[in-house]
Colleague: 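Dropping a structure here in structure tokens format, bear with me for questions.
Heavy atoms only: backbone and side chains are in, while hydrogens, waters and symmetry mates are out. Order of the sequence lines fixes the chain letters, A, B, ..., with proteins taken first and strands second; residue numbering starts at 1 for each chain.
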Amino acid sequence: MKYNFNDIEKKWQNYWSKHQTFKAENNSDKPKYYVLDMFPYPSGAGLHVGHPLGYIASDIYARYKRHKGFNVLHPQGYDSFGLPAEQYAIQTGQHPAITTETNIKTYRRQLDQIGFSFDWSREVRTSNPEYYKWTQWIFIQLFESYYCKDSNQARPISELISVFEAEGNSRINAACDDDVAPFSAEDWKAMSSEQQQETLLKYRLTYLAETEVNWCPALGTVLANDEIVNGVSERGGHPVVRKKMTQWSMRISAYAERLLQGLETIDWTDSLKESQRNWIGKSVGASVTFNVMSSEMLKQVQHDESERHSEIDSESHHTIEVFTTRPDTIFGVSFMTLAPEHDLVLEITTAEQKAEVEAYIEATAKRSERDRMADVKTISGAFTGAYAEHPFTKEPIPIWIGDYVLAGYGTGAVMSVPCGDQRDYDFAKHFNIPIPNIFEGVDISEEAFADKDNTIIANSDFLNGMNYKKATKRAIYELEQIGQGQGKTNYRLRDAVFSRQRYWGEPFPVYYVNGMPQMIDVKHLPLTLPEVEKYLPTEEGEPPLGRADVWAWDAKQNKVVSNAMLKQVQHDESERHSALDAESHKDNSVYPLELNTMPGWAGSSWYFLRYMEEAAQRGEAFATEDALKYWQNVDLYIGGSEHATGHLLYARFWVKFLKDRGFVTVEEPFKKLINQGMILGTSAFVYSLMHSFTVKTISSNYGIDELKFPNVFIPKASYDSFNKGEFDTSLKLGLDIIKKEFERKGFEVEVNWDKVSLNPIHTDVSFVNASDELDIEAFKNWRPEFKDAEFVLEEGVYKVGREVEKMSKSKYNVVNPDQICEQYGADSLRLYEMFLGPLEQAKPWNTAGITGVHGFLKKLWKLYVDDNGLKVNDAEATKDNLKTLHKTIKKVEEDIENFSFNTSVSTFMIAVNELTDQKCTSKAILEPLLILISPYAPHIAEELWERLGHSASISTAAFPVFEAKHLVESSKNYPISFNGKMRFTLELPLDMSKEDIEKAVMAHEKTIAQLEGRTPKRVIVVPGKIVNIVG
RNA sequence: GCUCAAGUGGCGGAAUUGGUAGACGCGCUGGAUUCAAAAUCCAGUUCUUUCGGGAGUGUGGGUUCGAUUCCCACCUUGAGUACCA
């Protein structure tokens, strides 16, 4: 009987679906285990073989855990809000919901055919209103919370209001905007409702703020930094400008320290933790306040040093705050540098320097961020003419501006210590500013000395003779004494902008009364997306929701109403001089709704919690307390490393917040995380020959414009030699073809070798066979412009060039899993994806190699079934059989625990090869073997399991137990090495003593031959391992 | 520049605490079977060699009886980050 994988796989996929084999229960005596994949965005292109890699790995692990007796939750869903569907809607007018639905169908079909053990009953879709109702709910919880730095957690905003009412904000230690002014209880009560709301907004964990964004006028939207390439939008190449906009932000910065500390408690790769650490960017140091000297003070210093304290002009008193990680070097400050955008620059600049400073500011403003970054080497700056006073020496310090200081980091100002910082050093050298040396025995004539761990401070008053640690402590203490500084920790992590000017995202549950945001009551959620006639921004530059006709909130009836109602109210309001009584007015409760939508990461920041809840219970909460308590967090999370600083950081932030407010019980969502490596495509290239001929005679039949340049392709070898400056025969043949084509049309042309150019062009990999030969007919039919293409052949064929690149539609190198499943089966695909190499590593796909694992499955089949049917019998297992089985159990178990799936596929091959050689038919061996293989190749395992007489799915069978006794050996084939190099092996009993081993080895003829009469200096015998003879 | 990975046959890769380098598979070569092909099976396949052997895991050093594995320096590739004070 043949291994008919197509029928078998269909049969078992139907069986699993019908019997809900992989449905997880929310209560069970078994221990829980939660295996999660990063859910996909359902793109129109469908899956290529790179996508399922992580899913296959997690599926193997999930199935393994079931065999090991765990209650496994292994769900799947769709991150179904997103830009491509919206882009498609803009182009075609098709509603993104329809596009998304269609794409999901394709995804589901493709996923099903690979045989995953997903519990589809718990599927989530972020664009489903029943789902985003709870995304909106979380947003409201964030709005209703502030971050208390004393208890280090988020707390209800109502608590804050009580404190404000009782005593103002003087004793509140909370994360808030920098510009919150102190106020008393009386001040608070005196505020208008709007003023109070405005104040509270500065404390809320999600808040409205003016943020500078990358605005793309052509697309009508804000772009993230990585959506901008070379100063223009990645999509479409439109110009991008910096613009201030009022947008929702998330106060993730409040959680910076906890996000950093939490990394210590989770099992993620070092590189991933490292990128989160870099992103959070903690630096410990001090903030130091420098007083700007007035011109009078300055004169005093210059004229009479002894009386410099006598007079202080308080009128024009400015201070500059800086952040430094090196307060120990404070006596090395010889100038200060402000970012050109710093608020104080224009105020402190002297009349003489005004022109220069303004010119410099203008010049830097013109340069885009990209230019500034690309051009790190050029040093530029301008002197403001102003001086600051050194906090200890009271010496004047010149204040400069320079674009190497970034407005967005720290305070946008630095105390420049040229002897200890290379950038300060370069700046000082460039502008001839003194570079005082404050390090003992260090030469700073060539470069700055930045090594803080090997330094003794000198020329620094009370810091002399101290090391970095001591000096830092002392400097901070002294600064505190004079009230000009304190220890400070700075984080790079910025608050996250949460508004997008797009249609296909979650609407904010927000309406505006007198410009102040109001939350829609939770019981009226979800607030669903309105219909719009076009998915583009409005002519006025409003987001697409600005086009909706029914997008106003009736706060009395608590429902969305037509904008017409709104206009009436506004109209009336503008005429309120007529002393209209507001209460008598029926429609005064209609307000505008928020026009922005939430970003892609909103829905993905909590979806793993939604899976915990069974579908039937999903109405009442984002997940019930019982479900959250039972599943806790994700035990194993598999996904791409591209989410290192986005999704993975935001999800941790939201979970920490939900924990603070008592909605979940865990601090970290993902206990263990693995990044699967990318599967790369093998692109195929043809080499197009171009030549600008000098035309000598123009044909009378054709105008020069009508003459199409013929497409001629030459072999890879010609391309390679061309790049070395050579012209081979094939290339000359190619030129001849072009020339003849011209001549046929009556043009006389002259070959010019300097004008030959060759272009590699991607061709679809499906036109290429295993020997790299191009199907020329298929290529010609591919695109109209190649219809008349000419190929210069080698030995009758055209061989393409190959290059390994990211698998992508635009590179025509995608391999579709559908065809693989059709031709070799899902089990082959699963095994092969695992066999390619380590899970976390990037590796090239090569379909030809799949015959190896496919052959293995056929061999496995033949071990159980032949032409007469089932071969397996009750024959007693031989010693060899048991040895093979148990070493396989041991290895496979270790491999799965270590996520080394590639090596276990090899182990299966070895086991099947050995058992085939042993002609094993024993059920006692072949039955447990099937369980070992079933996580990897579940379909064939189920089929053979059934044929062995089982009625229940193999997925419930217990994992075989390893017994060491079957691997006990009595002898060892010792490698005998000379000076560490193995020369021959010698079979010796394992219980032989060291001395006897040495004797046996020394007496061996090959040892004697190897030594050639020399006496060895030493003989190392490691019993059970190796013998090494040193001579 | 900094941070993190990684460099092993023609290719993907294996060698789990330092102990037989190249498991397993692809590809390739030869053979069997076949009218032929596919499929299947058997043998070989790091390089080199005077067939005794010799060399060999990016390069150069070091530690060790012994290094793909540990240490130092360098080179290359990939990923992330970017003037972070």
Side-chain angles (χ1 to χ4, degrees), chain A residues 2 269-275 277-279 281-283 285 322-326 329 337 339 372-377 379 402-406 408-417 420-424 426-427 450 490-492 641-642 644-645 675 677-678 680 682 770-771 804 831-832 835-838 840-856 858-859 862 891 894-895 897-898 900 902-910 913 973-985 1009-1010 1016-1022 1024-1031:
Chain A
K2 232 185 111 206
T269 60
D270 287 337
S271 74
L272 201 78
K273 286 186 184 182
E274 197 57 29
S275 28
R277 281 191 201 107
N278 287 341
W279 196 258
K282 179 182 185 176
S283 34
V322 302
F323 173 76
T324 177
T325 52
R326 296 293 303 274
T329 63
T337 318
R372 270 168 80 167
M373 277 192 286
D375 184 25
V376 173
K377 290 271 136 42
I379 295 158
D403 65 4
Y404 81 97
V405 177
L406 304 175
Y409 183 77
T411 60
V414 300
M415 59 174 227
S416 304
V417 183
D421 182 289
Q422 194 57 44
R423 288 157 306 163
D424 294 345
D426 295 340
F427 194 88
N490 209 33
Y491 298 92
R492 197 182 81 107
S641 57
E642 65 272 21
T645 50
N675 293 129
M678 205 189 303
L680 304 166
T682 312
S771 316
V804 171
L831 279 174
Y832 189 52
F835 188 63
L836 278 178
E840 306 193 36
Q841 193 175 302
K843 46 215 171 265
W845 178 268
N846 173 17
T847 304
I850 202 169
T851 53
V853 293
H854 188 63
F856 157 74
K858 283 191 200 165
K859 216 166 165 182
K862 278 202 257 174
K891 177 87 171 113
E894 282 168 4
D895 283 346
E897 298 281 358
N898 293 322
S900 176
N902 54 328
T903 50
S904 34
V905 178
S906 306
T907 306
F908 292 139
M909 289 174 170
I910 294 168
N913 288 344
N973 197 18
Y974 278 94
I976 312 301
S977 44
F978 292 79
N979 295 320
K981 293 226 174 275
M982 204 282 285
R983 292 308 176 210
F984 64 93
T985 59
Q1010 190 67 229
K1017 278 189 208 139
R1018 237 178 117 180
V1019 179
I1020 312 278
V1021 178
V1022 184
K1025 284 254 161 99
I1026 198 171
V1027 177
N1028 190 19
I1029 298 162
V1030 188

Colleague: Considering every strand and a 4.0 Å limit on heavy-atom distances, what is the contact class for A/Q841: base, sugar-phosphate, or nothing?
Modeller: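 Sugar-phosphate contact only.
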Colleague: Between OH of A/Y404 and CG of A/D421, what distance do you get to the nearest 0.5 Å?
Modeller: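 The distance works out to 7.0 Å.
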Colleague: Among side-chain atoms of A/Y974 and A/T985, is any donor-acceptor pair under 3.5 angstrom?
Modeller: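 A/Y974 vs A/T985: no donor-acceptor pair found between side chains.
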Colleague: Closest approach to the side chain of A/N902, judged atom by atom: which nucleotide of B/A14, B/C84, B/U20 is it?
Modeller: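 Among the listed nucleotides, the one closest to the side chain of A/N902 is B/A14.
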Colleague: Mind checking the C1' distance from B/A82 to B/C71? Whole angstroms is fine.
Modeller: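 One C1' to the other, the span is 31 Å.
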Colleague: Of the nucleotides B/C83, B/A23, B/A55, which has the atom closest to the A/S906 side chain?
Modeller: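 In terms of side-chain proximity for A/S906, the closest of B/C83, B/A23, B/A55 is B/A23.
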Colleague: For B/C24 and B/A79, measure between their P atoms and round to the nearest Å.
Modeller: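 It comes out at 33 Å once rounded to the nearest Å.
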Colleague: Going by atom types only, do A/S283 and A/Y409 share a side-chain donor-acceptor pair under 3.5 Å?
Modeller: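 A/Y409 and A/S283 do have a side-chain donor-acceptor pair below 3.5 Å.
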Colleague: A/T269 near the nucleic acid: base, sugar-phosphate alone, or nothing, with a heavy-atom cut-off under 4.0 Å?
Modeller: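 It contacts nothing in the nucleic acid.
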Colleague: With a 3.5 angstrom cut-off on both distances, give the Watson-Crick or G-U wobble partner of B/A73, or none if there isn't one.
Modeller: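 B/A73 is paired, partner B/U59.
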Colleague: For A/T903 and A/S900, test the side chains for any donor-to-acceptor distance below 3.5 angstrom and give the result as yes or no.
Modeller: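 Yes, a side-chain donor-acceptor pair sits under 3.5 Å.
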Colleague: Any idea which of B/U40, B/C83, B/A85 is nearest the A/K862 side chain?
Modeller: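 My answer, after comparing the listed nucleotides, is B/U40.
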Colleague: Using whole Å, report how far CH2 of A/W279 lies from C1' of B/C4.
Modeller: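 Whole-Å distance recorded here is 16 Å.
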Colleague: Which one, B/C84, B/U40, B/G66, comes nearest to the side chain of A/N1028?
Modeller: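 Looking only at heavy atoms from C-beta outward on A/N1028, the closest nucleotide is B/G66.
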Colleague: Any side-chain donor-acceptor pair under 3.5 Å between A/S275 and A/T645?
Modeller: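 No.
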Colleague: From B/U16, B/A21, B/A14, pick the nucleotide closest to the side chain of A/T903?
Modeller: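 Of the options given, the side chain of A/T903 lies nearest B/A14.
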Colleague: Looking only at the side chain of A/K843 (C-beta and beyond, no hydrogens), which of the listed nucleotides B/G12, B/G19, B/A23 gets closest?
Modeller: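 Looking only at side-chain atoms, A/K843 lies closest to B/G12.
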Colleague: Rounded to the nearest Å, what distance is computed from the CD atom of residue A/E894 to the C1' atom of nucleotide B/U17?
Modeller: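 After rounding, the reported distance stands at 13 Å.
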Colleague: Remember a base hit wins even if backbone is also touched, and classify A/T985 as base, sugar-phosphate or nothing at under 4.0 Å, heavy atoms.
Modeller: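 Result for A/T985 = base.
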Colleague: Taking the side chain of A/N278 as heavy atoms from C-beta outward, which of B/U3, B/A15, B/C83 is closest to it?
Modeller: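 Between B/U3, B/A15, B/C83, the one nearest the side chain of A/N278 would be B/U3.
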Colleague: The side chain of A/R492 lies closest to which of these nucleotides: B/A82, B/G13, B/C83?
Modeller: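 Of all the options, the side chain of A/R492 is nearest to B/A82.
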Colleague: In whole angstrom, what separates A/Y491's OH from B/A85's P?
Modeller: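 Value for this atom pair: 14 Å.
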Colleague: Distance check needed: B/U64 C1' versus A/N979 CG, whole Å only.
Modeller: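 Taking atom C1' of B/U64 as the reference, CG of A/N979 is at 13 Å.
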Colleague: Taking atom C1' in both B/U57 and B/U69, what distance in whole Å separates the two?
Modeller: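 These two C1' atoms come out 10 Å apart once rounded.
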Colleague: When the nearest nucleotide of RNA chain B is assigned to A/K981 and to A/R423 on a heavy-atom basis, which residue is associated with the more 5' position?
Modeller: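 Mapping each residue to its closest nucleotide by heavy atoms, the 5'-most match is A/K981.
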Colleague: In whole angstroms, how far is the P atom of B/C84 from the CG atom of A/D421?
Modeller: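 Those two atoms, CG and P, are 8 Å apart.
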Colleague: In whole Å, what separates the P atom of B/U48 from that of B/U3?
Modeller: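 To the nearest whole Å, 41 Å.
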Colleague: Quantified in whole Å, what is the C1' atom distance between nucleotide B/A21 and nucleotide B/G66?
Modeller: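 Pairwise C1' distance, B/A21 against B/G66, rounds to 14 Å.
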Colleague: Between A/V1030 and A/I910, just flag the one whose closest nucleotide in RNA chain B comes earlier from the 5' side.
Modeller: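 It is A/I910 whose nearest nucleotide is closer to the 5' end.
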Colleague: In whole angstrom, give me the gap between the C1' atoms of B/G13 and B/G27.
Modeller: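 Approximately 14 Å lies between the C1' atom of B/G13 and that of B/G27.
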Colleague: Under 4.0 Å, heavy atoms only, any strand: does A/A644 hit a base, just the sugar-phosphate, or nothing?
Modeller: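 It contacts nothing in the nucleic acid.
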Colleague: If you measure from the Lys or Arg side-chain nitrogens to the Asp or Glu carboxylate oxygens, is any gap between A/E894 and A/K891 under 4.0 Å?
Modeller: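 So A/E894 does not pair with A/K891 through a salt bridge.
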Colleague: Please name the nucleotide paired to B/C51 by Watson-Crick or G-U wobble geometry with both distances under 3.5 Å, or report none.
Modeller: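 Because no pair has both required distances under 3.5 Å, B/C51 counts as unpaired.
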Colleague: Do A/D426 and A/Q422 have side-chain atoms, one donor and one acceptor, less than 3.5 Å apart?
Modeller: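 Yes.
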Colleague: Please name the nucleotide paired to B/U81 by Watson-Crick or G-U wobble geometry with both distances under 3.5 Å, or report none.
Modeller: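 B/G1 - that is the nucleotide pairing with B/U81, both distances being under 3.5 Å.
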Colleague: Going by the glycosidic torsion and a 90 degree boundary from 0, is the base of B/G9 oriented syn or anti?
Modeller: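 Syn, angle within 90° of zero.
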Colleague: Sticking with atom P, work out how far B/U46 lies from B/A23, rounded to a whole angstrom.
Modeller: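 That atom pair is separated by 8 Å.
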Colleague: Counting only Watson-Crick pairs (N1-N3 plus N6-O4 or O6-N4) and G-U wobbles (N1-O2, O6-N3), all under 3.5 Å, who is the partner of B/A43?
Modeller: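 The base-pairing partner of B/A43, which may sit in any strand shown, is B/U29.
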Colleague: Syn if the chi torsion is within 90° of 0, anti otherwise; quick check, which is B/G60?
Modeller: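 Base orientation relative to the sugar is anti.
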Colleague: How long is the gap from CZ on A/F984 to OG on A/S977, to the nearest 0.5 Å?
Modeller: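 With rounding to 0.5 Å, CZ (A/F984) is 9.5 Å from OG (A/S977).
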Colleague: Could you state the CG-C1' distance from A/L406 to B/A85, rounded to the nearest angstrom?
Modeller: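 Value for this atom pair: 9 Å.
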Colleague: Atom CE of A/M982 to atom C1' of B/G22: distance rounded to whole Å?
Modeller: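 It works out to 13 Å between those atoms.
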Colleague: Need one value for A/K282: base, sugar-phosphate or nothing, where a base atom within 4.0 Å counts as base even if backbone is also close, heavy atoms only.
Modeller: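 Nothing: the residue A/K282, judged by heavy atoms under 4.0 Å, touches no strand.
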Colleague: Using a 4.0 Å heavy-atom cut-off, does A/D895 contact any base of the nucleic acid, only the sugar-phosphate backbone, or nothing at all?
Modeller: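 A/D895: base contact, heavy atoms under 4.0 Å.
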Colleague: Within a 6.0 Å radius of atom CG on A/N973, are there more than 12 heavy atoms belonging to other residues, nucleotides or ligands?
Modeller: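 Atom CG in A/N973 is packed in, count exceeds 12.
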Colleague: Can you figure out which of B/G54, B/C65, B/C84 approaches the side chain of A/R983 most closely?
Modeller: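 Among the listed nucleotides, the one closest to the side chain of A/R983 is B/G54.
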Colleague: Starting from P on B/C83, measure out to CD1 on A/I379 and report it in whole angstrom.
Modeller: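 In whole Å, B/C83 P and A/I379 CD1 are 16 Å from each other.
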Colleague: Any strand is fair game: report the nucleotide pairing with B/A15 by Watson-Crick or G-U wobble, both distances under 3.5 Å, or none.
Modeller: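 Across any shown strand, B/A15 pairs with none.
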Colleague: Please determine, for B/U34, whether a Watson-Crick or G-U wobble partner exists with both distances under 3.5 Å, and give it or none.
Modeller: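 Pairing partner, where one exists within any strand: none, as none qualifies.
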Colleague: Could you check whether A/K1017 gets within reach of a base, just the sugar-phosphate, or nothing at all, counting any heavy atom under 4.0 Å?
Modeller: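 Nothing, no nucleic acid heavy atom in range.
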Colleague: What's the gap between B/C74 and B/U68 when it is taken at their P atoms, as a whole Å value?
Modeller: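 Those two atoms are separated by 22 Å.
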Colleague: Looking at A/K1025 and B/U20, is any side-chain donor or acceptor paired with a base atom of the opposite kind under 3.5 Å?
Modeller: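 Absent.
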Colleague: Nearest to the side chain of A/A848, heavy atoms from C-beta on, is which of B/U16, B/C26, B/U3?
Modeller: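 Nearest to the side-chain atoms of A/A848, counting from C-beta on, is B/C26.
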